Every structure is written in structure tokens, then in C-alpha cells.
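Here's the structure, in C-alpha cells; my notes come after.
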Amino acid sequence: MKNVLQIVILLIILMGSFSLQAQTKLGIKGGFNFTFLNEEQGNFGANQKVQTGYYFGAFTNLNIKNKFNLQPELLFISLGDFKFLNAPIYFKYNINDDFNILVGPSINYFFDFFNAKLKVRVDLGLTYNLSSRLDLQMKYTIGFEEIAPNGIFLGLGFKL
């Protein structure tokens, strides 16, 4: 647990230093997630179950060129009995002043498993700017393994 805390602190410091160098602001976000799990029901096959949870964390937005940005994030996610860190790195495209598309990989560190704690997923997201500091966010996460299932995240982001 001590190593995880050190990693979290290091990632927050790195995000803050990138933010200062790129003249962008650090932000916070949070919301709810809905994860779709496939469970075996005896000899009857797979049954899809929806598990709800919450998430919160920090992000920064680094301007690359014109409408292209890089947005690293660090999120804590709670989903029933599962708790994990999610570190997506999004390539962000500004469609216009209000809408953005985010695509990228996310690395997940699960606290609750004895082995195979690191998982990689792909995220697809949209943001809508409600104001210059507040935005509405939605992302769909695609898991490649049983322990990293698909999910939908809905929340708000606030630029500090």
C-alpha cells in the first residue's frame, strides 16, 4: 500500500508540473460509473449484470497543436467490492468550443487482487463545456479481460 501511495503522489506531482510548463490548469472530476459484468449462470450461459459505483480524481490538459490536446488523468474508482486506480492518457480533439472527443489507453491498478493487478483498457469519451470552468463528461471503457469489464462513466469536471 505504501508503494501505491508513492505512485499516486508522484503522478499528481508530474501532472502538476506538466500543467505549469504548458500553461494549462489542473482540474478535478467525479461522477458515477456503470460497469457491465458477464457472469456464468450454471449451464444456462452468460448473464450480464450491471454494477454501479463512483469515481473522483484529477486531470490536466496539455495543448499539443491547434485543436489537439493531451489529457492525462488519475482517478480513484470504487465499484462494489473493487477499488482501483485508473490512469488514462487521452488524445483530445476539440470539435468546437463546446464539444471534445477523447480517445486513449488507460492503465488500471486493482487493490483487491493477489495477482494480475495491472490491466489495460481503452477509453472513448465526450465532453461538453457547460462554462469555461465546468464540463459534463461521458466515457465508455472497453475492457479486454474478464477482470477489466466494459463500463460507462458519467460525471462533471471542474478546471481550477
Side-chain angles (χ1 to χ4, degrees), residues 1 4-5 7-16 18-19 22 24-39 48-64 67-113 117-160:
M1 188 67 172
V4 172
L5 184 59
I7 291 170
V8 170
I9 291 170
L10 179 63
L11 286 172
I12 290 172
I13 290 169
L14 286 173
M15 286 173 60
F18 285 138
S19 178
T24 61
K25 294 183 180 178
L26 187 65
I28 56 173
K29 64 182 346 188
F32 297 97
N33 56 306
F34 307 93
T35 300
F36 307 99
L37 306 166
N38 284 322
E39 297 180 345
Q48 197 165 67
K49 177 182 172 187
V50 177
Q51 179 84 32
T52 59
Y54 63 90
Y55 70 96
F56 61 88
F59 67 92
T60 190
N61 192 17
L62 309 169
N63 190 338
I64 296 174
K67 294 184 172 200
F68 293 96
N69 300 281
L70 189 65
Q71 182 171 308
E73 300 183 355
L74 181 61
L75 306 172
F76 174 82
I77 299 174
S78 177
L79 181 63
D81 293 334
F82 301 115
K83 296 186 180 16
F84 58 100
L85 291 177
N86 175 246
I89 300 173
Y90 295 125
F91 295 99
K92 183 176 177 182
Y93 177 73
N94 303 329
I95 296 172
N96 59 36
D97 291 339
D98 293 329
F99 284 102
N100 307 290
I101 296 174
L102 298 98
V103 177
S106 65
I107 299 171
N108 300 276
Y109 178 81
F110 289 83
F111 296 113
D112 304 326
F113 296 101
K117 291 186 175 207
L118 286 174
K119 301 291 178 188
V120 177
R121 302 192 300 187
V122 172
D123 294 353
L124 309 168
L126 295 171
T127 61
Y128 176 73
N129 298 321
L130 299 170
S131 71
S132 63
R133 299 182 84 178
L134 184 68
D135 57 33
L136 181 63
Q137 304 173 348
M138 182 185 83
K139 75 174 179 177
Y140 182 70
T141 301
I142 302 167
F144 298 112
E145 300 176 42
E146 182 178 313
I147 206 163
N150 300 349
I152 294 176
F153 290 72
L154 302 171
L156 294 173
F158 182 76
K159 298 170 191 90
L160 303 175

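Predicted, not measured: the structure shown is a model, and the values here were computed from it.
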Given the rule in the side chain to side chain contact (heavy atoms under 4.5 Å, CB included) test, do Asn69 and Ile64 qualify, once you have shown the distances and angles that lead to the verdict?
CA-CA 5 Å; Asn69 300 281; Ile64 296 174; 5.5 Å; no
Nearest heavy-atom approach of Ala87 to Leu74 is CB-CD1, 4.3 Å
The reported gap from CG in Asn33 to CG in Asn86 (rounded to nearest 0.5 angstrom) is 9.5 Å
OG1 (Thr141) and CZ (Phe34) are apart, to the nearest 0.5 Å, by 13.0 Å
Check the surroundings of atom CZ in Phe91: do more than 12 heavy atoms from other residues, nucleotides or ligands lie under 6.0 Å from it?
no
Are the side chains of Arg121 and Asn108 in contact, using a 4.5 Å heavy-atom criterion?
yes
Pairing residues for Tyr140 by the side-chain hydrogen bond (donor to acceptor under 3.5 Å, both in side chains) criterion, not counting sequence neighbours
Asn150
Can you give me the closest heavy-atom contact between Asp123 and Ser106, atom names plus distance?
OD1-OG, 3.4 Å
Go through it in stages, so that I can follow the logic: the residues are Lys29 and Asp135, the test is salt bridge (Lys or Arg N to Asp or Glu O under 4.0 Å), and I'd like the CA-CA distance, side-chain angles, deciding distance and then a yes or no.
CA-CA 9 Å; Lys29 64 182 346 188; Asp135 57 33; over 6 Å; no
Lys159 backbone acceptor or donor facing Arg133 side chain under 3.5 Å:
yes
d(Ile107 CD1, Lys119 NZ) to nearest 0.5 Å is 13.0 Å
Quick one: pull up CG in Leu126 and CD1 in Ile95 and give me the separation to the nearest 0.5 Å.
7.0 Å
Going by the rule salt bridge (charged side-chain N to carboxylate O under 4.0 Å, His left out), which residues pair with Lys92 if we only count those two or more places apart in sequence or in a different chain?
none
Which class fits the ring pair Tyr93 and Phe68: parallel under 30°, tilted 30 to 60°, perpendicular over 60°?
tilted
Counting only heavy atoms not in Asn96, do more than 12 sit closer than 6.0 Å to its CG atom?
yes
Report yes if the side chains of Leu130 and Leu156 come closer than 4.5 Å at any heavy-atom pair, otherwise no.
yes
Under the side chain to side chain donor-acceptor pair (under 3.5 Å) criterion, do Asp98 and Asn129 qualify, and how do the steps go?
CA-CA 5 Å; Asp98 293 329; Asn129 298 321; 4.9 Å; no
Heavy-atom pair with the smallest gap, counting every atom of Gly53 and Leu79:
N-CD1, 4.0 Å
Ring centre gap for Phe32 and Tyr54 strictly below 6.0 Å
no
Qualifying residue, where the test is ring-ring contact (aromatic ring centres under 6.0 Å, His included) with Phe76 and the options are Tyr55, Phe56, Tyr109:
Phe56
Shortest non-hydrogen contact from Ile152 toward Met138
CG2-CG, 4.5 Å
Could you state the interatomic distance from OG1 (Thr127) to CG (Leu102), rounded to the nearest 0.5 Å?
5.5 Å
Straight-line distance of Asn100 CG to Tyr128 OH, nearest 0.5 Å
11.5 Å
Check Gln137 against Gly157 and note the closest heavy-atom contact, atom names and distance.
NE2-CA, 3.6 Å
